[in-house]
Participant: 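One structure, as structure tokens, below. Some questions next.
In what follows, every heavy atom counts, from backbone to side chain, and hydrogens, waters and symmetry copies are set aside. Lettering of chains follows the sequences in order, A, B, ..., and the numbering in each one begins at 1. Note that this is a predicted model, so its numbers are computed, not measured.
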Amino acid sequence: MNDLLPVSPSGEGWRHTARWRAVESIFRRVCLQYGYREIRTPVMESTELFQRAVGEGTDIVSKEMFTFTDRGGRSMTLRPEGTAPVIRAYLENKLYADSPLQKLYYITHVYRYERGQKGRYREHQQTGVEAIGSQDPAIDAEVITLAMEFYRRLGITQTELLLNSVGCPVCRPRYRDALREYARPLLHSMSRDNQRRFEVNPLRMLDSKEEADRAAMKGAPKLTEYLCEECHTHFARLQEYLCALEVRFTLNSHLVRGFDYYTKTAFEIICPALGAQNAIGGGGRYDGLVEECGGEPTPGIGFGIGTERCLIALEQLGIALPLEDESPIAFIAALGEEAKLHAIKLLHALRRAEIPSEFGYDNRSLKAQMRLANRLNARFVIMLGEDEVRQGSAQIKDFHNGGAQESVRLSEVTDWIFRKAEPHAKA
RNA sequence: GCGGCUGUAGCUCAGGGGUUAGAGCGCCAGGUUGUGGCCCUGGAGGCCGUGGGUUCGAGACCCUCCAGCCGCCCCA
């Protein structure tokens with residue numbers, strides 16, 4: 001199982017809960033600063049939502065969903081992507097009434113029934129945003145910039161932003177016809193997959209990785225040359241804004257995304273350090289989606305970023321995240337039953353004072369307790385034995401000070417630690 | 001869903017038909033009658049991924065399934 005653990009049994013360094021928290025908190029902070037607020041939706045939704053939103057013809061819906069029938073006979077599905085549930089929640093809770101533009105973010109697990117591989121898991125986490133209610137290309141630029149800023153703060157700077165416009169219901173049919181016309185005479189030289197796509201979803205012929213397909217599609221007409229006036233202007237403005245913001249991008253007329261709902265802007269961020277599963281994020285505009293889900297015509301745009309792939313990229317690139325310090329400030333080592341009673345009272349007091357503290361359980365030898373304190377990277381060891389109890393004091397050893405030791409009255413231990421640890425805690 | 005490689009101790013891996021399956025690291029204990037890291041000594045820990053088969057004998061060979069990895073497909 002792909003468990004996330006508090007420690008590393010080595011080899012799989014990115015499966016650390018501390019690393020995940022670091023990535024998540026960076027994402028939350030970026031979102032907050034860009035004016036996005038968190039939304040949480042259920043892990044499962046009615047199957048129909050995804051069929052309608054993502055599209056019956058897509059691979060995700062046709063063969064990659066975890067779908068089952070509940071006790072009431074309804075067909076339910078573990079969400080295979082993050083956008084559709086957000087749109088459903090947006091409509092169901094009438095978020096549009098709160099403000100015409102809703103800027104939302106989520107950190108959520110999604111499920112796809114696929115063959116596992118490094119960087120591709122049946123359950124994976126996506127961090128994402130959705131900006132619903134604006135058709136301003138400036139919001140496209142904002143969403144893309146937010147993603148790139150997130151990578152920058154993680155330290156993943158070796159990325160490539162691929163950008164395309166997939167048009168709208170006005171211009172896409174025109175392009176689809178042109179593409180078919182171009183491909184028809186070349187069909188015999190292409191893979192079976194592409195021959196099937198020719199019928200079902202011609203645009204997807206463009207991003208086949210098969211050598212023969214790539215060669216055949218090389219001279220294909222470009223979607224961007226078939227854009228209607230509105231889409232063309234939108235795309236031009238977006239590029240203008242991105243240039244002004246110094247966000248580097250590569251136009252890629254073969255970029256087609258795997259959801260039917262995308263319109264106009266489509267983008268993908270790849271990290272070359274990653275290998276086969278090298279897309280660390282992707283998204284686009286979905287101006288028809290809200291209406292498709294039963295709402296008023298409402299434009300929207302968003303992205304999803306794979307948390308695992310970001311973590312793998314960080315590992316691959318040798319980038320260390322600043323991790324939360326999980327080590328205790330104080331460790332209490334007790335010797336003897338009488339001392340233990342005083343010790344657990346002291347432990348309680350330290351914790352109430354919000355000083356992270358640990359205790360040497362199971363009556364082990366002082367040496368064993370010291371070793372444990374050292375391994376936990378505790379700063380102070382508070383030693384309590386018969387002598388100390390008799391004197392009403394404790395021996396406190398400071399590991400950060402060469403093991404210097406002093407005697408402190410039991411009643412003053414908490415204050416003493418607090419005073420000493422405060423600058424440490426702030427640092 | 002397709003093709004290939006790999007599953008032996010907590011981790012990294014050795015053993016390639018023949019007694020009681022090994023190493024390093026980690027863990028535990030002792031060396032210090034109450035003092036961490038370094039060092040030394042000892043110890044615990046394995047139905048050799050699962051189920052079947054071949055064989056006098058299988059951790060080794062064959063098949064099934066499962067899992068991981070590398071591609072394809074797809075996508076984050």
Participant: Looking at Gln117(A), I'd like to know whether one of its side-chain N or O atoms comes within less than 4.0 Å of OP1 or OP2 on G71(B).
Facilitator: yes

Participant: Taking the P atom of each, how far is C11(B) from G18(B), in whole Å?
Facilitator: 27 Å

Participant: Whole angstroms only, please: what is the CD-P distance between Gln369(A) and A29(B)?
Facilitator: 10 Å

Participant: Set out, line by line, the N/O atom pairs under 3.5 Å between protein and nucleotides 35-39 of chain B.
Facilitator:
| residue | atom | partner | partner atom | Å |
| --- | --- | --- | --- | --- |
| U35(B) | O2 | Lys397(A) | NZ | 3.4 |
| U35(B) | O2 | Gln405(A) | OE1 | 3.3 |
| U35(B) | N3 | Gln405(A) | OE1 | 3.2 |
| U35(B) | N3 | Gln405(A) | NE2 | 3.2 |
| U35(B) | O4 | Gln405(A) | NE2 | 3.0 |
| G36(B) | O2' | Asn374(A) | ND2 | 3.2 |
| G36(B) | N2 | Asn374(A) | OD1 | 3.0 |
| G36(B) | N3 | Asn374(A) | OD1 | 3.2 |
| G37(B) | OP1 | Arg371(A) | NH1 | 3.4 |
| G37(B) | O4' | Asn374(A) | ND2 | 3.1 |

Participant: Taking atom C1' of C72(B) as reference, at what distance in whole Å does atom CG of Asn278(A) sit?
Facilitator: 14 Å

Participant: Determine the Euclidean distance between corresponding P atoms of U12(B) and C69(B); express it in Å to zero decimal places.
Facilitator: 13 Å

Participant: Test: salt bridge (Lys or Arg N to Asp or Glu O under 4.0 Å). Region: residues 245-261 of chain A. Which pairs qualify, not counting sequence neighbours?
Facilitator: Arg257(A)-Glu268(A)

Participant: Salt-bridged, Glu149(A) to Arg152(A), with N to O below 4.0 Å?
Facilitator: yes

Participant: Return the nearest nucleotide to the side chain of Arg112(A); candidates are C72(B), G34(B), C75(B).
Facilitator: C75(B)

Participant: I would like to know whether Asp140(A) and His234(A) meet side-chain hydrogen bond (donor to acceptor under 3.5 Å, both in side chains); could you show each step before the answer?
Facilitator: CA-CA 10 Å; Asp140(A) 299 45; His234(A) 184 95; 2.9 Å; yes

Participant: Side chain of Tyr121(A): nearest nucleotide among G30(B), A76(B), C75(B)?
Facilitator: A76(B)

Participant: Looking at Asp398(A) and Arg379(A), is there a salt bridge between them, counting it only when a charged N and a carboxylate O are closer than 4.0 Å?
Facilitator: yes

Participant: Of the candidate nucleotides A76(B), C2(B), C73(B), which contains the atom at the shortest distance from the side chain of Arg115(A)?
Facilitator: C2(B)

Participant: For Tyr105(A), does the six-membered ring have the charged nitrogen or CZ of Arg28(A) within the cation-pi criterion, i.e. under 6.0 angstrom from the centroid and within 45° of the normal?
Facilitator: no

